[in-house]
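Please read all numbers here as calculations on a predicted model, not as lab measurements. Per chain, numbering begins at 1; letters A, B, ... match sequence-line order. Just so it is clear, the values below take in all heavy atoms, side chains as well, and ignore hydrogens, waters and symmetry mates.
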Amino acid sequence: MEVLLFGITRDIVGSDKISIASEESPETVAHLKEWLEQRYGGLSALRSLAVAVDNEYADDSTALTSSMEVALIPPVSGG
Amino acid sequence: MVEIVEQININKAYRHLQANGAGGINVFVGTVRDHANGKTVVGLEFEAYVPMALKEMKRIAELACEKWPLERVVIQHVTGMKEPGEAVVVTGASSAHRDASFEACRFLIDELKKSVPIWKKEYYEDNSIWVNAHP
């Protein structure tokens with residue numbers, strides 16, 4: 001699974017995406033957040049961290065599969 | 001009309017809003033301010049998750065059209081590096097009577113700021129920060 005990164009999450013991770021091996025692939029958005037926060041401590045310090053699945057905001061319970069487009073959405077600041 | 005662009009085009013936005021049935025057109029233009037938190041801002045850099053940002057902008061535009069009787073709606077947002085004074089976002093609405101376009105125009109920019117996946121980095125004279133990222 002690949003996770004797209006934007007804004008400060010890209011700076012924290014040091015890359016514009018994270019690849020997760022299929023045997024470690026998280027089953028839900030909540031699992032993905034846990035997996036990420038264990039590895040990248042800086043993510044826990046953000047005001048909020050949303051996950052988008054196929055270009056829409058997803059709930060913690062949303063199930064993930066490798067064919068989905070998954071992205072981290074740190075606090076937005078457009079306008 | 002929703003779009004992510006390198007340069008705001010206010011004339012294009014205005015032309016889109018013109019309609020024979022419209023008695024009022026409102027346009028909001030957001031620009032780069034040269035100060036924030038007591039510091040001098042030398043520039044803002046905008047980044048968008050483009051496909052999702054367009055989808056979210058479209059959702060907000062449709063929501064506005066459900067809430068008010070509008071003729072046309074516009075949301076334009078830039079990406080890239082912008083200097084103080086430059087336009088970075090336009091929201092606009094036209095309607096038969098002015099109240100609807102005033103209210104809708106404000107709704108569009110307020111909702112954009114809440115949910116559209118666009119991020120700005122503020123550059124000061126000595127450093128830079130992602131706006132709003134930390135509590």
| Are the side chain of Thr40(B) and the backbone of His35(B) linked by a donor-acceptor contact shorter than 3.5 Å? | no
| task | May I ask you to check whether Trp119(B) and Phe6(A) place their ring centres under 6.0 Å from each other? | result | yes
| field | Under 3.5 Å donor-acceptor, His77(B) side chain and Gly79(A) backbone | value | yes
| request: Would you mind checking which part of Tyr49(B) comes under 4.5 Å of any heavy atom in chain A, side chain (CB onward), backbone (N, CA, C, O), both or neither? | output: both
| Atom group of Ala48(B) that falls short of 4.5 Å from chain A, counting heavy atoms | backbone
| query | Which residue out of Glu56(B), Arg59(B), Lys113(B) racks up the most heavy-atom pairs below 4.5 Å with chain A? | reply | Lys113(B)
| Can you tell which of Pro75(A), Ser77(A), Ala50(A) has the highest number of heavy-atom pairs within less than 4.5 Å of chain B? | Ser77(A)
| query | Is chain B contacted by the side chain of Asp11(A), its backbone, both, or neither, given a heavy-atom distance below 4.5 Å? | reply | side chain
| message | Below 4.5 Å, heavy-atom pairs only: which of Val88(B), Ile129(B), Val116(B) has the largest tally toward chain A? | response | Val116(B)
| Relative to chain A, which segment of Lys114(B) carries a heavy atom at a distance below 4.5 Å: side chain, backbone, both, or neither? | backbone
| request: Check the pair Thr9(A) / Tyr40(A) against side chain to side chain contact (heavy atoms under 4.5 Å, CB included), numbers first and verdict last. | output: CA-CA 9 Å; Thr9(A) 62; Tyr40(A) 307 100; over 6 Å; no
| So, Glu56(A) and Lys55(B), do they make that salt bridge, N to O below 4.0 Å? | yes
| query | Contact part of His134(B) toward chain A, heavy-atom cut-off under 4.5 Å: side chain, backbone, both or neither? | reply | both
| query | With only heavy atoms counted, which part of Thr91(B) is less than 4.5 Å from chain A, the side chain, the backbone, both or neither? | reply | neither
| Donor-acceptor under 3.5 Å (Asn9(B) side chain, Lys12(B) main chain) | yes
| Under a 4.5 Å heavy-atom cutoff, which of Ala52(A), Gly7(A), Ala45(A) has the most pairs with chain B? | Gly7(A)
| query | Do any N or O atoms from the side chain of Ser94(B) and from the backbone of Arg72(B) form a donor-acceptor pair under 3.5 angstrom? | reply | yes
| request: Please flag which part of Leu49(A) lies under 4.5 Å from any non-hydrogen atom of chain B: side chain, backbone, both or neither. | output: neither
| Do NZ/NE/NH1/NH2 and the carboxylate oxygens of Asp110(B) and Arg106(B) come within less than 4.0 Å? | yes
